[in-house]
Amino acid sequence: MPTTTPAPAVTAAPEVPPVAPPPPHRTPASAWVLLLVLASIWGTSFILMKKGLVVFSALELGAARVSVAALLLLPFALRHVARVDRSRFKWLLLSGVVGTLIPAFLFAYAETRLASGLAGVLNALTAVFTLVVGAAFFGQRLTGLRVLGIGLGLLGTVVLMLLGGSGGDATPSGESNAWYGLYIVLATLGYGVSVNVIKHYFQGIPALAVTGLLLLFIGGPALAFLLLGTEFVHKLQHVPGAWAAFGYIALLATMSTAVAMVLFNKLIQSSTALFASSNTYLVPVVALGWGLLDGENFNLWHLLGMVIILVSVAIIHRAK
């Protein structure tokens with residue numbers, strides 16, 4: 001009599017629990033404090049540049065700003081230089097050149113003809129270019145709303161430059177001076193590159209180390225150019241008011257470059273690149289306040305351009 005082999009029992013596959021979506025990123029309270037402090041420091045930097053330019057040229061101001069900041073953070077840079085992998089040095093150099101060295105000259109040159117308050121307003125384009133660079137090179141998602149925000153930011157820039165003018169005294173309506181705003185547009189593009197580089201390549205490295213090393217790479221050439229390629233020393237020795245003007249530059253270098261860069265890099269690491277660049281909401285308000293106190297003009301076209309730019313930043317930050 002044939003025997004039948006019982007069929008093997010079929011065991012049900014164990015249920016795999018669904019993977020919970022990652023919790024939304026929550027910005028810590030300390031990041032908000034850093035944001036407010038940074039906005040106050042950077043909002044004041046534009047009036048400090050204006051005061052420094054009373055005696056020194058744009059090239060001298062830019063080189064002095066970077067040199068003083070690099071000297072201040074040199075001990076920290078030397079302490080950490082051996083702790084950072086050499087493969088990251090190229091990113092430090094890139095961030096230093098396009099995000100600190102070149103903008104220092106571009107902003108100074110722009111403010112030779114552009115009112116300091118309007119320079120602060122155009123600085124808000126940092127958030128726009130942070131998104132553009134992030135989408136182009138770092139895989140950040142570019143949605144329809146964010147494209148709208150980018151377009152509005154550029155529209156606000158056009159309103160400021162073509163209709164609002166410079167707000168300066170050299171020409172009553174500011175038409176010729178307005179084009180100096182393009183230097184700030186280029187500078188904020190460099191800021192956008194630097195923000196993304198630091199966010200993607202220097203997570204986990206102390207902000208003081210990143211800033212000190214970044215300035216170490218660019219500080220030497222800036223100092224050599226300042227001492228050998230400009231009349232900076234001669235002006236300090238012979239031009240009345242030069243030491244007072246240098247005092248403004250030294251304060252600018254200490255607070256707006258050295259201290260603020262450490263705080264900003266810490267903010268980038270503890271939040272997101274876009275949140276870090278959102279200090280540009282408040283910087284224009286502080287910059288315009290200082291400009292008005294110093295007698296600068298501000299008309300309805302300036303206000304419209306500023307509102308359009310800030311609305312664009314708000315759309316970029318809120319768009320998903």
Side-chain angles (χ1 to χ4, degrees), residues 38-66 68-69 100 102-127 156-157 159-188 190-191 241 244-257 259-260 279-307 309-310:
L38 274 170
S40 300
I41 293 174
W42 273 335
T44 305
S45 66
F46 305 97
I47 194 68
L48 293 176
M49 281 187 270
K50 180 180 179 180
K51 298 300 184 182
L53 287 168
V54 170
V55 173
F56 297 102
S57 70
L59 291 176
E60 290 164 347
L61 188 150
R65 177 181 181 178
V66 173
V68 171
T100 301
I102 294 177
F105 292 109
L106 291 175
F107 266 97
Y109 194 59
E111 284 205 36
T112 61
R113 294 292 184 89
L114 199 70
S116 65
L118 296 187
V121 172
L122 288 172
N123 183 68
L125 291 171
T126 299
T157 304
V159 170
L160 275 177
M161 291 173 53
L162 297 185
L163 300 177
S166 71
D169 297 326
T171 54
S173 56
E175 289 90 347
S176 63
N177 294 352
W179 293 105
Y180 279 70
L182 289 175
Y183 293 109
I184 296 181
V185 173
L186 290 175
T188 54
Y191 286 161
F246 177 62
Y248 289 115
I249 297 174
L251 183 59
L252 173 72
T254 302
M255 298 304 298
S256 300
T257 303
V259 173
N279 68 82
T280 48
Y281 283 123
L282 302 175
V283 167
V285 177
V286 178
L288 283 172
W290 282 113
L292 290 173
L293 288 175
D294 202 49
E296 294 179 359
N297 299 323
F298 186 70
N299 60 41
L300 290 178
W301 289 115
H302 298 149
L303 178 62
L304 178 61
M306 182 181 72
V307 169
I309 290 175
L310 294 184

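Treat the numbers as computed from the prediction; the structure is a model and nothing was measured.
Applying the 6.0 Å contact sphere to CG of Leu300 captures no more than 12 heavy atoms from other residues, nucleotides or ligands.
A 4.5 Å side-chain heavy-atom check between Asp294 and Lys50 finds at least one atom pair inside the cut-off. No side-chain heavy atom of Tyr183 sits under 4.5 Å from any side-chain heavy atom of Leu114. In this structure, Leu160 and Leu118 have side chains that are in contact, with non-hydrogen atoms separated by less than 4.5 Å. A heavy-atom distance below 4.5 Å is found between the side chains of Asn123 and Tyr191. Side-chain contact check for Phe56 versus Ile249: some heavy-atom pair is nearer than 4.5 Å. Taking the side chain as every heavy atom from C-beta outward, Ile184 and Leu106 never approach each other to under 4.5 Å. You'll find the side chain of Leu61 stays beyond 4.5 Å of the side chain of Tyr248, heavy atoms only. Counting heavy atoms from C-beta outward, Val55 and Phe246 have side chains that stay 4.5 Å or more apart.
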Residue pair His302, Val121: steps toward the side chain to side chain contact (heavy atoms under 4.5 Å, CB included) verdict: CA-CA 9 Å; His302 298 149; Val121 172; over 6 Å; no

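With sequence neighbours excluded, the residues satisfying side chain to side chain donor-acceptor pair (under 3.5 Å) with Glu60 are Ser57, Lys235.
Shown here for Ala287 and Gly120, the closest heavy-atom pair between the two residues is CB-CA, 3.7 Å. Nearest heavy atoms, Ala108 versus Leu53: O-CD1, 3.5 Å. Nearest heavy atom pair, residue Ile47 against residue Ser116, reads CD1-OG, 3.9 Å. Closest non-hydrogen pair, Phe107 versus Met49, comes out as CB-SD, 3.8 Å. The two residues Leu282 and Ala39 have their closest heavy-atom pair at CB-CB, 3.4 Å.
Side-chain atoms of Glu296 come within 3.5 Å of backbone atoms of Gly117 as a donor-acceptor pair (strictly under, hydrogens ignored). A side-chain donor-acceptor contact under 3.5 Å links Asn299 to the backbone of Trp301. With hydrogens and angles ignored, the 3.5 Å screen pairs no side-chain donor or acceptor of Ser256 with any backbone N or O of Ala253.
Ring orientation note: the planes of Tyr180 and Tyr109 are tilted relative to one another, at an angle of 30° to 60°.
Expressed to the nearest 0.5 Å, how far OG of Ser40 lies from CE of Met255 amounts to 10.0 Å. Going from atom OG1 of Thr157 over to atom CE of Met306 covers 13.5 Å, rounded to the nearest 0.5 Å. Atom CG of Leu122 sits about 5.5 Å away from atom CD1 of Ile309, to the nearest 0.5 Å.
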